[in-house]
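Proteins get letters first, then strands, A, B, ... in listed order; numbering begins at 1 in each. Below, all heavy atoms of this structure are taken into account, side chains as well, without hydrogens, waters or symmetry copies.
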Amino acid sequence: MLDKIGIAKRIAKEVKDGYYVNLGIGIPTLVANFVRDDIEVEFQSENGVLGMGPFPFEGEEDADIINAGKQTITTLPGASFFDSALSFSMIRGQHVDLTILGAMEVSENGDIANWKIPGFMVKGMGGAMDLVASAENIIVAMMHTNKKGKSKLLKRCSLPLTGVGCINKIVTNLAVIEITDGGFKLLERAPGISVEEIVSSTDGRLIIDGDIPEMIID
Amino acid sequence: MLDKIGIAKRIAKEVKDGYYVNLGIGIPTLVANFVRDDIEVEFQSENGVLGMGPFPFEGEEDADIINAGKQTITTLPGASFFDSALSFSMIRGQHVDLTILGAMEVSENGDIANWKIPGFMVKGMGGAMDLVASAENIIVAMMHTNKKGKSKLLKRCSLPLTGVGCINKIVTNLAVIEITDGGFKLLERAPGISVEEIVSSTDGRLIIDGDIPEMIID
Amino acid sequence: MINKKVFNVKDALEGVKSGMTLMVGGFGLSGIPENAIEQLVKLELTDLICISNNAGVDDFGLGLLLKKHQIKKMISSYVGENDEFERQMLSGELEVDLIPQGTLAEKCRSAQSGIPAFYTPAGFGTEVAEGKETRAFGNKMYVLEHAFKADFSFVKAWKGDEAGNLIFKGTARNFNPNMCGAAKITVAEVEEIVPLGELDPNQIHIPGIFIQRIFQGSNYEKRIEQRTIRKN
Amino acid sequence: MINKKVFNVKDALEGVKSGMTLMVGGFGLSGIPENAIEQLVKLELTDLICISNNAGVDDFGLGLLLKKHQIKKMISSYVGENDEFERQMLSGELEVDLIPQGTLAEKCRSAQSGIPAFYTPAGFGTEVAEGKETRAFGNKMYVLEHAFKADFSFVKAWKGDEAGNLIFKGTARNFNPNMCGAAKITVAEVEEIVPLGELDPNQIHIPGIFIQRIFQGSNYEKRIEQRTIRKN
């Protein structure tokens, strides 16, 4: 079974040379740490920066240079700042190659719910609805089941949706899954996890085609 | 009767302190020369400059600094350059206070035709349709009659329209006219021009209310 | 040059009244118009409708107005980080209209640009699109969204001049440029008003035509919400 | 940093084919992609559809393509200043679609921004609105306009870096930034490619994400269309 770091490491392998990538808050943010350093990738943050670098050293924090998680950041050579409208021109205009974000539920047809639990305080969708409605390549990073042990991979989402039919791939602590016309297609098992365990943790239709390899994570 | 310079001088009196002004090609361009120098005005050109100054001195022309008439220009302190989308944000968003442009015909309900004569080469509308559809304060600068002596102030325009119900005021070689709900309202006569001469040169409904003063031009 | 300079925040906020709709720049606490917000608190205006991506924290930013119950309705994309906000929202004292961040930015930009409405894919098939027109272009579905209408925009820039020209710094830019000219009156506060002609005309982010009033702010706290650092 | 640099105009135009729809930056002859246009002539491509505010003059700019009958259709706001253009248009050899300048700019910007359609007041009640949807918002009428779809955008900037970041100079900026990312592939030519990191991140007009290829152009003529001067 993977921990959050493991999920981030596995997703990092999906990041290809030349990609502009938008990372959501949580596990997705960790992905940046594990991208191969022999490829060129630029990270976009929807509050208005392209070419984000690592966190600043102490004393070098600048209140005017933050990411969408409101964290202080640095920029790399070739970075740029821009306004919110242009930032979402990048996102809606499909100039961002890969979007990685967390989810509370994903359905077998690629719907995602990640912004609202009725009856609880709703913080808002931020840029998530723009991202999922626009991006052509979206990977969800999440635990396979919720804290009560219930599957987060469902036939239909029960929570209010963030976007419809938009998710391409899911990486959980148990598996790598692709969304296909027929439903969730199991691509890889987490180290030490059996197909049966994945089946029993998945509520939506799971397609198991031939031998399912174990993930390779460095 | 006014010449083109006279029309420009009269229109210059309509330019008020604090106005952002867009000037069309032809007579409107001349208006800039006659604006009182004790008021502050900024000229916008739709190709992407605010704060235009006079033409450059010989040897100081810059191919990268032109106005919408493709003429080399200079800029004044406080000027700015911007892209075409933002330029028309200024225009469509009604941030420009006064638009002055030429016309081939104006109708008594404020329609304007100034871009196309069927059967002749059509050069295009440039920014004129955006300007007239958006501006709240538009003054037309033109001769009262065309080269054949026919009135350009009509009940209905005969040429393809540039915009509908948008013109506020017309300054011609003969008169200053306001567009009202009832039609053309005669405000001023050009020096030496009688009301009768204006009546005989105007085809649309002309409202003559009381004594019509002669224009005062410095 | 048309002079937009006013000499203090009091003059800058002349005419702001209870019940008005206000745009307020900033993302989180970055690039917020600190001086204008402080003055809104002082003026004790109430029933405000605020269009702002976030709602500040309990003791800073728009949280200062929330604490005094001055805001009737927030129009935002993300409103976490604020206990008093949560309390007022759950008790029904505060109306909240949550809209996608890109749609929020584009509704500002449309108001600035004289575009009454546009189509966006964001929110299609979700409760955000409920009651809104939807439509296919090509084989994708979109939602019709309308430009905002607001009385005042309060924005914060880094530098500006008397003509109202603005430049922003880093990600403190965010929604600020898109809110300029998007309300009837735009008030810009800047860290420094520089002499006319000092800003390169080629490098101005927002030309002065979008700004009605500009003033040099003071005592900027520029609080950092999530101070994250790496080890040496 | 994702490197967008190509080393010559030939590589920059790889994949451009006859019959394609091309966006071409510039206003009049100012800010036109001179090198790309010259290469399009050399490639002898035909049946091109060109989206460009103007059509050049007889012996410069897009006029060079017109002379060789390479353009099937022009989508522009103003096409005077070109005798060959006039001849081809009147003879029916050349299709011309005239649209208001602000609408042209916004159709580019919409393509760049993933906005499939928007409403504008420009052209309402005129033949430009014929066959288009119109609609009232408030008490004003608007026309529905769609984003452009294009295969290549050719833009000209002043300076750029290998990451594709661009800055423009003066009014040579015009349509160029709005066309970046508005086609499947955007090719930027610049007067100077500067070392990475030399451009201030705060002062970049167009971030490299909108650009697929950048090259340093050569032999810029930058012809002045109307040389107007004042007397000393």
Give the member of [options] that has the highest number of heavy-atom pairs under 4.5 Å with chain D.
{"options": "B:A85, B:G127, B:A113", "answer": "B:A85"}
{"options": "B:G126, B:G48, B:A128", "answer": "B:G126"}
{"options": "B:I91, B:L161, B:D111", "answer": "B:L161"}

What are the two closest non-hydrogen atoms of [X] and [Y], and how far apart are they?
{"X": "B:A63", "Y": "D:R223", "result": "CB-O, 4.5 Å"}
{"X": "D:L98", "Y": "B:M125", "result": "O-CE, 3.6 Å"}
{"X": "B:D130", "Y": "D:P100", "result": "OD2-CB, 3.3 Å"}

I'd like to know if the side chain of D:R230 reaches the main chain of B:P54, judged simply by a donor and an acceptor atom lying under 3.5 Å from each other, with no hydrogens or angles considered. no
Counting only non-hydrogen atoms closer than 4.5 Å, does [X] touch chain B with its backbone (N, CA, C, O), its side chain (CB onward), both, or neither?
{"X": "D:N174", "value": "both"}
{"X": "D:K231", "value": "backbone"}
{"X": "D:Y142", "value": "neither"}
{"X": "D:E106", "value": "side chain"}

Please state whether the side chain, the backbone, both or neither of [X] comes within less than 4.5 Å of a heavy atom of chain D.
{"X": "B:T162", "result": "backbone"}
{"X": "B:A79", "result": "neither"}
{"X": "B:F88", "result": "side chain"}
{"X": "B:N67", "result": "backbone"}
{"X": "B:V132", "result": "neither"}
{"X": "B:I66", "result": "both"}
{"X": "B:S87", "result": "neither"}
{"X": "B:E46", "result": "both"}

Rounded to the nearest 0.5 Å, what separation is found between the [atom1] atom of [X] and the [atom2] atom of [Y]?
{"X": "D:Q101", "Y": "B:L131", "atom1": "CD", "atom2": "CG", "value": "8.5 Å"}
{"X": "B:Q71", "Y": "D:E225", "atom1": "CD", "atom2": "CD", "value": "10.5 Å"}
{"X": "B:T72", "Y": "D:I229", "atom1": "OG1", "atom2": "CD1", "value": "8.0 Å"}
{"X": "D:T120", "Y": "B:M129", "atom1": "OG1", "atom2": "CE", "value": "11.5 Å"}
{"X": "B:W115", "Y": "D:E127", "atom1": "CH2", "atom2": "CD", "value": "4.0 Å"}

Within a 6.0 Å radius of atom [atom1] on [X], are there more than 12 heavy atoms belonging to other residues, nucleotides or ligands?
{"X": "D:N139", "atom1": "CG", "result": "no"}
{"X": "D:E38", "atom1": "CD", "result": "no"}
{"X": "B:E58", "atom1": "CD", "result": "no"}
{"X": "B:K150", "atom1": "NZ", "result": "no"}
{"X": "D:N219", "atom1": "CG", "result": "no"}
{"X": "D:K132", "atom1": "NZ", "result": "yes"}

Test item: D:F85 and B:M121 side chains (from C-beta on) under 4.5 Å apart, heavy atoms: yes
Would you check if D:E191 and B:D64 make a side-chain contact, meaning some heavy-atom pair closer than 4.5 Å? yes
Tell me, out of [options], who's got the most heavy-atom pairs with chain B below 4.5 Å.
{"options": "D:T126, D:N82, D:V128, D:N53", "answer": "D:T126"}
{"options": "D:A105, D:A55, D:G31", "answer": "D:A105"}
{"options": "D:G28, D:G170, D:A122", "answer": "D:G170"}
{"options": "D:V96, D:L104, D:I99", "answer": "D:I99"}

Using a strict threshold of under 4.0 Å (side-chain N to carboxylate O), is an ion pair present between B:D83 and D:R109? no
Pair D:K169-B:D62, side-chain contact (heavy atoms from CB on, under 4.5 Å): steps then yes or no: CA-CA 10 Å; D:K169 180 170 160 250; B:D62 184 338; 2.9 Å; yes
Member of D:T171, D:N54, D:L29 meeting the side-chain contact (heavy atoms from CB on, under 4.5 Å) criterion with B:K70: D:N54
